[in-house]
K.L.:
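Just passing along the structure, written as structure tokens.
All residue numbers in this chain count up from 1 along the given sequence.
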Amino acid sequence: MTTRWLTPEEQRAWRAYLAATLLVEDALDRHLQQEAGMPHLYYSILSRLSEEPERRLRMTDLAERLKITRSRLTYAVTRLEKDGLVLREGCPSDRRGSMAALTDAGMTVVERTAPGHVENVRATLFDHLAPEQVRQLEEIFTGVARALQSGAEAPGAPEDVPWRRRSPKPPCS
């Protein structure tokens, strides 16, 4: 097999992508640690749950939406549970399944933290882009995500990524 090396332009783009994503994630993480005493991942869990009907979601679905492994999600939810921000509940239609539910205290954290988080996202990323670049950024990353989620990864790459592993279980009702 012949290696398809990156062109100089692709190499520059790749390195810029790596630098930017690491710096953005670090800025968001530091801000949320200061404002809410939690890392970006934990806030993302609370935020996702706050957008769901009845503020609850099956754990496997939450892991898939956040693109993290179920074990990483379980660890994070356990920590959030200890802080009284999330509850873990059984799934009524599937005894093995479990739901994560945002508590009133968790919703209060989201409501208190969201304005500063949105302002930080804006200052960290969007204030540096022209409106056309925002549209291009969305188009680029939507295309990349769609390709990866549909299994169009590199030839021979596993299609069974950890956050998509699912048992054929009915949804919790």
Side-chain angles (χ1 to χ4, degrees), residues 1-52 57-80 85-86 100 102 106 109-167:
M1 175 189 239
T2 304
T3 301
R4 294 178 36 209
W5 297 107
L6 299 179
T7 66
E9 183 178 54
E10 290 169 335
Q11 185 68 261
R12 287 190 306 274
W14 174 244
R15 288 183 177 161
Y17 162 80
L18 287 176
T21 56
L22 292 170
L23 289 167
V24 166
E25 187 62 32
D26 179 65
L28 297 178
D29 218 40
R30 281 186 290 111
H31 180 262
L32 286 166
Q33 285 286 2
Q34 291 171 348
E35 294 298 312
M38 68 180 63
H40 187 220
L41 172 62
Y42 290 18
Y43 177 78
S44 295
I45 292 168
L46 300 180
S47 177
R48 276 296 175 145
L49 290 172
S50 76
E51 297 166 357
E52 292 298 323
L57 193 60
R58 188 182 176 119
M59 292 281 285
T60 53
D61 294 332
L62 185 56
E64 183 174 347
R65 290 186 184 151
L66 294 171
K67 306 297 182 245
I68 61 174
T69 63
R70 287 181 292 186
S71 63
R72 186 171 182 208
L73 176 64
T74 297
Y75 179 83
V77 167
T78 299
R79 295 290 309 270
L80 292 167
L85 305 177
V86 172
L102 186 66
V109 168
V110 172
E111 290 170 340
R112 184 185 73 236
T113 307
H117 176 63
V118 170
E119 185 54 41
N120 191 36
V121 168
R122 186 173 293 291
T124 302
L125 180 62
F126 293 107
D127 287 351
H128 305 286
L129 302 175
E132 177 62 16
Q133 290 173 307
V134 172
R135 188 194 61 72
Q136 291 169 342
L137 187 68
E138 178 190 10
E139 186 178 299
I140 290 165
F141 288 114
T142 297
V144 170
R146 187 178 299 121
L148 292 172
Q149 288 177 327
S150 69
E153 297 99 338
E159 292 184 29
D160 190 24
V161 292
W163 53 84
R164 286 196 303 190
R165 286 188 193 131
R166 307 193 59 123
S167 303

K.L.:
For D26, give me all partners under salt bridge (Lys or Arg N to Asp or Glu O under 4.0 Å), at least two apart in sequence or on another chain.
P.N.:
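Salt bridge (Lys or Arg N to Asp or Glu O under 4.0 Å) check on D26 returns R30.
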
K.L.:
Please round to the nearest 0.5 Å and tell me the distance separating atom OH of Y43 and atom CG of L46.
P.N.:
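Answer for the OH-CG pair, Y43 versus L46, is 8.0 Å.
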
K.L.:
For residues H40 and E25, determine if any side-chain heavy atom of one lies less than 4.5 Å from a side-chain heavy atom of the other.
P.N.:
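In short, these two side chains touch, coming nearer than 4.5 Å.
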
K.L.:
Calculate, to the nearest 0.5 Å, the distance between atoms CG and CG belonging to L22 and D29 respectively.
P.N.:
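Atom-to-atom, L22:CG and D29:CG are 11.5 Å apart.
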
K.L.:
Is the backbone N or O of V121 less than 3.5 Å from a side-chain atom of T124, with the two atoms forming a donor-acceptor pair by type?
P.N.:
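Judged by distance alone, no pair lies under 3.5 Å.
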
K.L.:
Which atoms form the tightest heavy-atom contact between W5 and E10, and what is the distance?
P.N.:
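Scanning both residues completely, I find the closest heavy atoms to be O-OE1, 4.2 Å.
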
K.L.:
Enter the distance from Q149:CD to T142:OG1 here, rounded to the nearest 0.5 Å.
P.N.:
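It comes to 10.0 Å.
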
K.L.:
To the closest 0.5 Å, what do you measure between CG (L62) and OG1 (T74)?
P.N.:
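Reported to 0.5 Å precision, the distance equals 10.0 Å.
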
K.L.:
Keeping the roles fixed (side chain from T113, backbone from V110), state whether a donor-acceptor pair exists under 3.5 Å.
P.N.:
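Checking the backbone N and O of V110 against the side chain of T113, no donor-acceptor pair under 3.5 Å is found.
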
K.L.:
Would R65 and E51 pass as an ion pair if we require N to O under 4.0 Å?
P.N.:
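Judged by the 4.0 Å cut-off on N to carboxylate O distance, R65 and E51 do not form a salt bridge.
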
K.L.:
Should the heavy atoms of other residues, nucleotides or ligands under 6.0 Å from CZ of R135 be counted, would the total exceed 12?
P.N.:
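Result for CZ/R135: enclosed.
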
K.L.:
For R112, I'd like to know if atom CZ has over 12 heavy atoms of other residues, nucleotides or ligands within 6.0 Å.
P.N.:
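Counting other residues, nucleotides and ligands, CZ of R112 exceeds 12 neighbours.
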
K.L.:
Donor-acceptor check, side chain of H128 to backbone of R122, threshold 3.5 angstrom: yes or no?
P.N.:
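Between the backbone of R122 and the side chain of H128 there is no qualifying donor-acceptor contact (under 3.5 Å).
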
K.L.:
For the residue pair L66 and R48, establish whether any side-chain heavy-atom pair is separated by less than 4.5 Å.
P.N.:
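SC-SC contact between L66 and R48 confirmed.
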
K.L.:
Listed by chain and number, what are the ring-ring contact (aromatic ring centres under 6.0 Å, His included) partners of H31, not counting sequence neighbours?
P.N.:
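Residues passing ring-ring contact (aromatic ring centres under 6.0 Å, His included) with H31: none at all.
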
K.L.:
Enter the distance from I68:CD1 to R70:CZ here, rounded to the nearest 0.5 Å.
P.N.:
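Spacing of CD1 (I68) from CZ (R70) equals 11.5 Å.
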
K.L.:
How close do R79 and Y42 get, heavy atom to heavy atom, and via which atoms?
P.N.:
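That would be CG-OH, 3.5 Å.
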
K.L.:
Looking only at heavy atoms, which two atoms of L102 and L85 are closest? And how far apart?
P.N.:
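Where L102 meets L85 most closely, the heavy atoms are CD1-O, 3.5 Å.
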
K.L.:
Other residues, nucleotides and ligands only: do more than 12 of their heavy atoms fall within 6.0 Å of CD on E132?
P.N.:
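Counting other residues, nucleotides and ligands, CD of E132 exceeds 12 neighbours.
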
K.L.:
Compare all side-chain heavy atoms of V109 with those of M38 and state whether any distance is below 4.5 angstrom.
P.N.:
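Side chain of V109 against side chain of M38, heavy atoms only: contact under 4.5 Å found.
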
K.L.:
For residues L137 and L125, determine if any side-chain heavy atom of one lies less than 4.5 Å from a side-chain heavy atom of the other.
P.N.:
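When only atoms from C-beta onward are counted, L125 and L137 do touch, with a gap below 4.5 Å.
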
K.L.:
Taking all non-hydrogen atoms of both residues into account, name the closest pair between I45 and A76 and its distance.
P.N.:
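It is CD1-CB, 3.5 Å.
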
K.L.:
Please answer whether the main-chain N or O of S44 pairs with a side-chain N or O of S47 as donor and acceptor at a distance below 3.5 Å.
P.N.:
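Checking the backbone N and O of S44 against the side chain of S47, no donor-acceptor pair under 3.5 Å is found.
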
